[in-house]
Amino acid sequence: MYRKILTAALVAGLVLSPVGMSADANQSKPNNQSDHAFDNKVIKKISSERMYNTIALLSEQPRAAGTEGEYEAVQYIKSQFEEYGYETEVQSFPIYNWDSGTSSITLEEGSFEADTQSFYASLNASVTAPLEYVGFASPEEVSEDVEGKIALIERGKYSFYEKVQNVLAKGAVGVIMFNKEGESGNDFGILYQGQNIPAVAVEREAGLDLVNRLSSGEIKATVSVQDANFIPKTSYNVVAKKEPHPNKDNGQIISIGAHHDSVPGGPGANDDASGVAATLELARIMAKTPTDTELRFVTFGAEEKGLWGSYHYADSLSDEEIDNSVAHFQLDMVGSKDSGDLIMFTPDGEKNLVTDIGASAGARISEVVDYGQLGRSDHVPFFEKGIPAALFIHAPLEPWYHSPEDTLDKISKEKLQNVTEIVGASVYQIARPDTPALENANVAPSPADYDFDYRPL
Ligand code: BES
Ligand code: ZN
């Protein structure tokens, strides 16, 4: 219900603010796009230096979900929220890490040496059968010939799910997948529920060697996966709440989130220590600022495993909390020197309250922010609950994405400052006690014209 009121007020603001005013009168109002007065109360306090120091601390070690690194990050984040005066809850939830066990490929004839890595969720089994090369394993490439054979597949073009489904449908008994052009290593590959087959990944050279050998005759191979299994672990969300001013409480909730986990082995300075640093900084500056709206600052665990933390958090919300949630701002990869411009992504590629307000704050602070369509982060579970949500991120991505090179020296203080100011100003536009009377031209900033952008990643 609250969401509807706010949306109506915003729309009224958009429509009403110019009414009865000449263009000149409108220009002299505080809603002039270049005037920071509206936002100064919050944005002046934002310190990129502090955020940089937080990233330095968090990126000292990887923070993969379920590891000691994550746990230490969680304790640090909790202590910071508490230092700022927030009531802070650590939500724990179960996750499963994959122990890939041991795996091998042996040929009946001739010697063959390759490092193998079992797919995530591979079946533990040993199968001996002829190899059948099926290219990228599209339905057109996979014929009946693969029945009873081990499918040799090139990575790329289609999802792991589709490729494996296509060969399973034609009766394959094992999978060997080799890496795509330009990529090294064999650390990839995932099976989905119901895909019960031993599957291993190898480097591109090893796969091309097999393709080559196949061109001069049949090869019988054994693919073996042993002792691979799921290890139960625990991951965490950290949730800090700020109650609204008791006399001004409008019942609404805004959340601001980032994920504190990194990929295994990556320091995740930009992905997503940067978002955590921005979330903590916004929590710090909002701690003593009276609002009419409840604010929730949340850092999620296990995002990199498939948004586990944010799904857990969203599922923990009551119907009333969901109904009262007016906006979710997700900060992910907000500080790389080597990425492109800021963009707001929504899972359906539609504008919403968050993108409207974010675009306008951008226009006042630096430049208007465009929007595009993308999931792939913790805004998705909020969107799926019907809460207006957007991902604030820079795109195209930096080359260090998900690599051990995602380190502190790649962080830009200017980018951190700009995104945090835009999100801080947006949050405050909704949460300040003189809104949601957004139709009042004295406090309602001008809406911005902003466009859909097919931004490459
Ligand atoms: N920070 C990324 C999200 C991202 C990646 C946005 C690339 C835009 C482009 C996030 O941490 C991530 O890597 N997410 C996973 C998705 C998840 C469902 C496992 C991804 O995209 O692989
Ligand atoms: Zn991320």
Side-chain angles (χ1 to χ4, degrees), residues 55 58-59 62-66 69-70 73 77 95-98 119-121 155-156 159-161 180 183 187-192 235 237 256-279 298-314 328-336 338-347 349 369-384 389-407 410-411 415-416 419 453-457:
I55 298 172
L58 288 171
S59 62
R63 304 173 304 282
E70 184 201 11
I77 295 161
I95 57 163
Y96 300 91
N97 282 350
W98 179 241
F119 271 42
Y120 177 87
R155 181 185 182 192
S159 67
F160 291 122
Y161 176 78
K180 53 184 154 193
E183 290 221 16
D187 193 5
F188 59 86
I190 170 168
L191 295 185
Y192 290 79
S235 182
N237 294 328
I256 299 107
H259 68 91
H260 58 242
D261 66 314
S262 68
V263 289
N270 195 43
D271 189 9
D272 183 24
S274 66
V276 173
T279 303
V298 191
T299 73
F300 302 107
E303 188 269 357
E304 301 286 9
K305 294 185 77 67
L307 320 180
W308 287 48
S310 47
Y311 272 114
H312 181 83
Y313 174 77
H328 176 78
F329 295 82
Q330 182 69 22
L331 292 146
D332 196 352
M333 305 174 81
V334 290
S336 175
D338 308 299
S339 55
D341 287 341
L342 183 62
I343 185 163
M344 302 174 292
F345 284 120
T346 59
V369 190
D370 283 335
Y371 73 108
Q373 179 169 18
L374 194 76
R376 296 180 68 169
S377 191
D378 295 316
H379 56 313
V380 172
F382 291 84
F383 166 81
E384 288 178 358
L391 166 65
F392 289 74
I393 193 168
H394 296 110
L397 304 184
E398 63 274 21
W400 330 116
Y401 167 63
H402 280 188
S403 86
E405 318 311 318
D406 181 6
T407 45
K410 318 292 195 325
I411 295 294
K415 275 191 170 147
L416 279 177
V419 180
D453 189 354
Y454 290 94
R455 185 87 56 90
L457 293 179

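Since the structure is predicted, the reported quantities are computational estimates derived from the model, not experimental observations. We count ligands from 1, going down the list as the structure has it; atoms in each ligand are counted the same way. Residues take their numbers from the sequence shown, with the count starting at 1.
- Here the CH2-CG distance, from W400 to D338, works out to 5.5 Å after rounding to the nearest 0.5 Å.
- Atoms of ligand 1 found under 4.0 Å from any heavy atom of L397, numbered from 1 in the order shown, are 7 (C), 9 (C).
- Atoms of ligand 1 lying under 4.0 Å from any heavy atom of G306, numbered from 1 in the order shown and given with element: 18 (C), 19 (C).
- The protein non-hydrogen atom at the shortest distance from atom 17 (C) of ligand 1 is E303 O, 3.9 Å.
- Atom CD1 of I411 is separated from atom OG of S59 by 7.5 Å, given to the nearest 0.5 angstrom.
- At least one side-chain heavy atom of F188 sits less than 4.5 Å from a side-chain heavy atom of R155.
- Atom CG of L307 sits about 14.5 Å away from atom NE2 of H312, to the nearest 0.5 Å.
- At least one N/O-N/O distance between D332 and ligand 1 falls below 3.5 Å.
- Evaluated by nearest non-hydrogen atom to atom 16 (C) of ligand 1, the leading choice among R376, E304, H259 is R376.
- T346 is not listed as a side-chain neighbour of Q373, based on a closest heavy-atom distance of 4.5 Å or more.
- Numbered from 1 in the order shown, with element, the atoms of ligand 1 that lie under 4.0 Å from a heavy atom of M333 read 1 (N), 2 (C).
- Angle OD2 (D332) to the Zn ion (ligand 2) to OD1 (D271): 140°, rounded to 10°.
- Counting heavy atoms from C-beta on, the side chains of F160 and L191 never come closer than 4.5 Å.
- Counting heavy atoms closer than 4.0 Å to ligand 1, residue Y401 contributes side-chain atoms (C-beta onward) but none from N, CA, C or O.
- Taking every non-hydrogen atom of D271 and a distance limit under 4.0 Å, the qualifying atoms of ligand 1 come out as 1 (N), 2 (C), 11 (O).
- In this pair, Y161 and Y192 present their aromatic rings perpendicular. The plane angle is above 60°, beyond the 30 to 60° band.
- Shortest contact from atom 8 (C) of ligand 1 to any protein heavy atom: L374 CD2, 3.2 Å.
- Side-chain contact between F329 and F392 is present, with at least one heavy-atom pair separated by less than 4.5 Å.
- For atom 6 (C) of ligand 1, the nearest non-hydrogen atom from the set I393, V334, D261 comes from I393.
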